[in-house]
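We name chains A, B, ... by the order of the sequence lines, and we start the count at 1 in each one. This one's a predicted model, so the numbers in the text were calculated from it and none came from an experiment.
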2 protein chains.
Amino acid sequence: MSKAEGSRNLQSKLRPIINYSLTDQVETKLLELFKKEDLRNGDAIPKENELCEAMGVSRTVIREALTRLKTIGLIDSKKNRGMTLTEPDLLIGLDKLLQPKILSEETLQDMFEMRLALEMGIAELVFSRIKPQDIIDLKAILKTEKDYKGDFEMDFEARFHGRIYAIARNNTLLRFQSMLLPIFKYVHDKGLKLKDEEIPKNYVTHTMIVKVLETGNPEKYRDAMKRHLKVHFDRTIKMRKLLE
Amino acid sequence: MSKAEGSRNLQSKLRPIINYSLTDQVETKLLELFKKEDLRNGDAIPKENELCEAMGVSRTVIREALTRLKTIGLIDSKKNRGMTLTEPDLLIGLDKLLQPKILSEETLQDMFEMRLALEMGIAELVFSRIKPQDIIDLKAILKTEKDYKGDFEMDFEARFHGRIYAIARNNTLLRFQSMLLPIFKYVHDKGLKLKDEEIPKNYVTHTMIVKVLETGNPEKYRDAMKRHLKVHFDRTIKMRKLLE
DNA sequence: AAATTATAATATGTAATACATAATACATAA
DNA sequence: TTATGTATTATGTATTACATATTATAATTT
């Protein structure tokens, strides 16, 4: 038996011991408390000093656990008003992380694909909620397309596709896609470097997409969007194969 | 001019002053530093005491800012090894928030819709990456369907649809959907209470979906999935109208 | 009496110091 | 040469004190 095997064997007998820090423990205890007490959005939570006494740890630890919960947007604190549970923002923190430089190629790829999937998948929602004003706005955006040439092309893309997302009347989704823009831009630019973009045969323009939104249905929209995004789909599929 | 109007008027002249806490400032300064120094995943960052001196604030403040960055998974700390930048997990913290009780109806609705959209949108990715083993696994899952009746039906749904997501070979997406399960279950259950579920005419069963995955194409898959999810689409569209 | 301004009380925010603890590097002994 | 002991170091925890913003209450003015 090799040394490594012996170590593995020993490990299976004596499971590695995990030492949760006090802060870890306090954090989970707090979450349990909120659940147990069935606290709802807006409810006050115990004061720091009360928590210290109740759990028998220093205020330092309590505050560190509370800081974590504040960071994920679960609680909110104000001087003298104490702390309250708050409607958490699911996308909080995401904007700080969604930077190409700090994410791995694989995660970037993941997010890029997620956006592509959403772009196709929102068809039903879009058509169920679209209003005349949406078409008017989109046409207005179309008129500005020629102004965005070269490096600013991405800005136009963002405006256009962002406006389509807005039709779905789903605020979380809308914000999510706008946060993804830097990544979209990065992966897009990177793809262009690999090989000059060639316009595919059945390319669907932005104008045609608006036309479909005006007169078509979800199926036609997806068909159009699929052609519109064809280069991106092709690229992401090729990239993923390279990662394997 | 009313009192409220006067206050608004005054406010437009004297913009409200926003007082960023020291922790806020340190946090942004740290992010700037990482960017400026072009630190990459795995690189060490200055020690707490160095940061104290450099910024002229107490270690308390430094640590609170660092705690925030740790919470969003941007840095990692180990005793004596100091702190290092780390590949952030985009979905960190999300599992603590994705609980029906603490989210508003609107956000729950948003997330539910997002999942529906993804379910439709992943078709291209799925068909570009599917392998024989995927079909084998799905068929195995199908055989267990009869075991999951009543309240456990949702577990089967999770297993089945989760396995489809897995075909897309997108880890972030896979984890995301699995985190959404509690919400899916909640909104689903709530919908059932409103009115007994009636099986629509062209309902597509799980077995049929597997068949399409085996022999069809993205378009046929989406068509099948759309019918399969019809009750959910109908409900979410109706719910959204109520919220307006 | 009503409205404004001063005062006190309170809970979070910040500071400073000391010590505990885990991980590493180095020294030491078998 | 290897395993064990020791020192060092940076983060983790504790304690105490004070600063500051907000609320409620009291005092003052008109």
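C:dT5 is paired with D:dA26 under the criterion used here, namely a Watson-Crick or G-U wobble arrangement in which both key atom distances are under 3.5 Å. Across the strands present, C:dA22 finds its partner in D:dT9; the criterion is a Watson-Crick or G-U wobble pair with both atom distances under 3.5 angstrom.
Classification of B:Arg169 and B:Asp134 as a salt-bridged pair holds, one side-chain N sitting under 4.0 Å from a carboxylate O. B:Lys185 has no carboxylate O lying under 4.0 Å from a charged side-chain N of B:Asp155, or vice versa, which leaves the two without a salt bridge. A salt bridge between A:Asp137 and A:Lys131 is absent, with no side-chain N of the basic residue lying under 4.0 Å from a carboxylate O of the acidic one.
For the pair A:Asp110 (side chain) and A:Thr107 (backbone), a donor-acceptor distance under 3.5 Å is absent. Side chain of A:Gln25 to main chain of A:Tyr20: a donor-acceptor pair is present (N/O by atom type, distance under 3.5 Å, no hydrogens or angles). Without hydrogens or angle criteria, A:Gln109 side chain to A:Thr236 main chain gives a donor-acceptor distance under 3.5 Å.
We find that CD of A:Glu27 is positioned 12 Å from P of D:dT13, with the value rounded to whole Å. Across the protein-nucleic acid pair, A:Arg59 atom CZ and D:dC18 atom P stand 14 Å apart, rounded to whole Å.
Relative orientation of the B:His232 and B:Phe184 rings is tilted, given thresholds of 30° and 60° on the angle between their planes.
Judged purely by distance below 3.5 Å, without hydrogens or angles, the side chains of A:His161 and A:Glu119 pair a donor atom with an acceptor atom.
Here B:Ser77 lies in heavy-atom contact (under 4.0 Å) with sugar-phosphate atoms only.
With rounding to the nearest 0.5 Å, the separation of CG in B:Leu242 from CZ in B:Arg240 is 11.0 Å.
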Any N/O pairs under 3.5 Å between the protein and nucleotides 21-24 of chain D? List them or say none.
residue: D:dT22; atom: O2; partner: A:Asn80; partner atom: ND2; Å: 2.6
residue: D:dT23; atom: O4'; partner: A:Asn80; partner atom: ND2; Å: 3.4

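Here the side chains of A:Met55 and A:Val61 are not in contact, with every heavy-atom distance at 4.5 Å or above. Side-chain contact between A:Glu113 and B:Leu173 is absent, with no heavy-atom pair separated by less than 4.5 Å.
Not one side-chain nitrogen or oxygen of B:Thr23 sits closer than 4.0 Å to the OP1 or OP2 atom of C:dG13.
For the contact set between residues 32-58 of chain B and DNA chain C, defined by any heavy atom under 4.0 Å, the members are B:Val57, B:Ser58. Contacts of residues 61-72 of chain A with DNA chain C (heavy atom under 4.0 Å): A:Arg63, A:Lys70.
Here the nucleotide nearest the side chain of A:Ser21, chosen from C:dT14, D:dA14, D:dG12, is D:dG12.
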